[in-house]
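Here's the structure, in structure tokens; my notes come after.
Start at 1 with the first residue, then count along the sequence.
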Amino acid sequence: FLGPRSLLRPTRAMEPAKQQDLDQLSREVRIANEYYFRSHPELRLLMKSFVAALHVENVPAGELRTFAEAFFADPTLASRIKTAQAKLGPAAEMKDPAILEHIER
């Protein structure tokens with residue numbers, strides 16, 4: 001995964017041909033990232049659980065990075081996601097917020 005588009009944009013002007021190449025690369029990276037995300041439903045479940053945890057724990061904006069580091073470094077996270085996937089089966093791919101109840105914190 002490459003970062004946001006702003007990281008792919010230089011701060012000074014480029015030659016039009018180089019800018020076109022960079023724009024094409026940016027599109028290809030976004031498409032590849034989207035394909036990867038869609039082919040791994042556990043990522044959707046992982047992200048939904050992270051956002052839910054942010055809301056449940058009412059994390060202030062200034063502590064977001066620290067919270068994210070702790071959340072994703074949690075050694076039980078992978079097993080909790082796998083357990084939730086097993087409980088939910090095909091429902092793990094659904095956009096229903098109720099699936100978050102199956103991820104125990």
Side-chain angles (χ1 to χ4, degrees):
F1 172 80
L2 291 180
R5 270 189 283 171
S6 61
L7 294 177
L8 296 175
R9 292 257 180 226
T11 54
R12 55 191 170 130
M14 296 177 96
E15 295 174 15
K18 288 193 183 236
Q19 184 63 54
Q20 246 180 345
D21 291 344
L22 185 60
D23 291 343
Q24 179 62 31
L25 175 63
S26 179
R27 283 190 292 278
E28 290 171 5
V29 167
R30 284 195 311 270
I31 290 168
N33 288 344
E34 181 66 23
Y35 177 77
Y36 185 84
F37 189 76
R38 288 179 184 224
S39 65
H40 293 275
E42 70 276 11
L43 292 177
R44 182 174 310 241
L45 194 56
L46 178 68
M47 296 310 296
K48 283 186 175 194
S49 67
F50 175 68
V51 171
L54 286 173
H55 290 292
V56 167
E57 306 213 9
N58 200 19
V59 178
E63 296 177 24
L64 181 62
R65 183 179 179 148
T66 304
F67 180 81
E69 288 171 356
F71 182 88
F72 290 110
D74 180 355
T76 67
L77 181 61
S79 65
R80 288 188 291 127
I81 295 298
K82 286 180 185 176
T83 301
Q85 271 189 302
K87 285 180 184 176
L88 293 166
E93 297 179 36
M94 295 172 53
K95 296 178 182 176
D96 181 2
I99 66 174
L100 299 175
E101 296 170 5
H102 296 280
I103 301 175
E104 300 165 7
R105 186 92 174 120

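- Between P16 and Q20, every side-chain heavy-atom pair lies at or beyond the 4.5 Å cut-off.
- For the residue pair Q24 and E28, a side-chain donor N or O sits within less than 3.5 Å of a side-chain acceptor on the partner.
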- side chain to side chain contact (heavy atoms under 4.5 Å, CB included) evaluation trace for L64 with L54: CA-CA 8 Å; L64 181 62; L54 286 173; 3.4 Å; yes
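- Checking side-chain atoms of T83 against main-chain N and O of S79 turns up a donor-acceptor pair under 3.5 Å.
- Ion pairing of R38 with E34 is present here, as a side-chain N (NZ or NE/NH1/NH2) and a carboxylate O approach within less than 4.0 Å.
- Here the CD1 atom belonging to I81 is positioned 12.0 Å from the NZ atom belonging to K48, to the nearest 0.5 angstrom.
- Within a 6.0 Å radius of CZ in F72, more than 12 heavy atoms belonging to other residues, nucleotides or ligands are found.
- For the atom pair CZ (R80) and CG (L46), the distance works out to 9.5 Å, reported to the nearest 0.5 Å.
- Heavy-atom minimum distance, L43 versus Y36: CD1-CE2, 3.6 Å.
- Counting heavy atoms of neighbouring residues, nucleotides and ligands inside a 6.0 Å radius, atom CD of E42 exceeds 12 of them.
- A distance of 10.5 Å separates CZ of F67 from CG of N58, quoted to the nearest 0.5 Å.
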